[in-house]
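Report on the structure given below.
Both ligands and their constituent atoms are indexed starting at 1 by order of listing.
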Amino acid sequence: MNLDGIHHVTAITGDAQRAIDFHVGVLGLRLVKTTVNFDAPDLYHLYMGDESGSPGSILTFFEVRGAAPGRPGAGMVNRIVWRVPTAASLDVWADRLSAAGRPVDRDEATLTSSDPEGLGIELVVASPEDGAARAAHSAGVAPRDALGGIAGVRAYSRAPEATEAVLSGGLGFVRESAGRLVTRGAERRGLYLVDAPPGGHAVQGAGTVHHVAWTAPDNEHADWIARVRQSGGHPTEVIDRQYFRSIYFHEPGGVMFEVASAGPGFAVDEAPARLGEALRLPPQYERYRDAIEERLTPLRNPRAGTAAPVMADTRGTT
Ligand code: ZN
């Protein structure tokens, strides 16, 4: 029983539209769900990924409107590692990111950059062990170069030795080398790369990662709760996130982990062809829709190629 690679990574943005413009417009992801933070329903929670929002393809953003820039430090993820199909794809992305005004640092095997809020991005060439690519169809990105999903994350652990011990112990990762931990599930591989933290304070703010979620089959949550407890962690109970069910805990280095089920997925409350186009609310917030919509800024989806707001009126269509 191993974690089946990344499920999603959740970051914080101070400007949801800017996050969409970059991640959909430049990186070529599909916006697959426009909803609110279930714990703070006047804030957007946006999900982007491949065409269906498959586990492993998903980057999500909590919008904290106008949030000051954060600074990754000890206990935080500092970079999201995306797969691309080939080394030639790295050249294409170097050009595309430069044209979008982003800094690019390229070596043979990797390209590093950042989103407009400073969220760290690393592109690596996919290995067959990673499992099938999970890519969106984007008008601006050829399929041969499309991002194939999230390979893993780099994190600044507060306690690198403890992080490596717990992940390679109870959590089933293999320590391939110092600072490189790999989980191999039934379908996918996921990387957890442990970097030494920089000096100075960590600041959770715009352009930083909030947590990283790993995939596990729907019926394994009880086992994962037991394993996390045996490893000295403090997992939550199973929480229903509408599109998946999750437990949360912190790894010893301070990074928040989530273990999320693959299902039921994003088509549970809207048609697969229309994912992300309308504001979806979980049932407990539907009666507050008017008040919630009033507090949210309408969004425009560059992929739709129109000026139509994402927030169409969907009352009565659930
Ligand atoms: Zn999450």
Connected via hydrophobic side-chain network under 4.5 Å: Leu3 and Tyr248: no
Which atom of Glu258 approaches the Zn ion (ligand 1) most closely (N/O/S): OE1
Glu237 bridged to Arg229 by N-O distance under 4.0 Å: yes
2.8 Å cut-off met by an N, O or S atom of His7 to the Zn ion (ligand 1): no
Worked verdict on Gln204 versus Thr208 for side chain to side chain donor-acceptor pair (under 3.5 Å): CA-CA 6 Å; Gln204 185 93 80; Thr208 64; 2.9 Å; yes
The Zn ion (ligand 1) contact by His8, N, O or S atom under 2.8 Å: yes
Donor + acceptor pair across side chains of Glu122, Thr110 (<3.5 Å): no
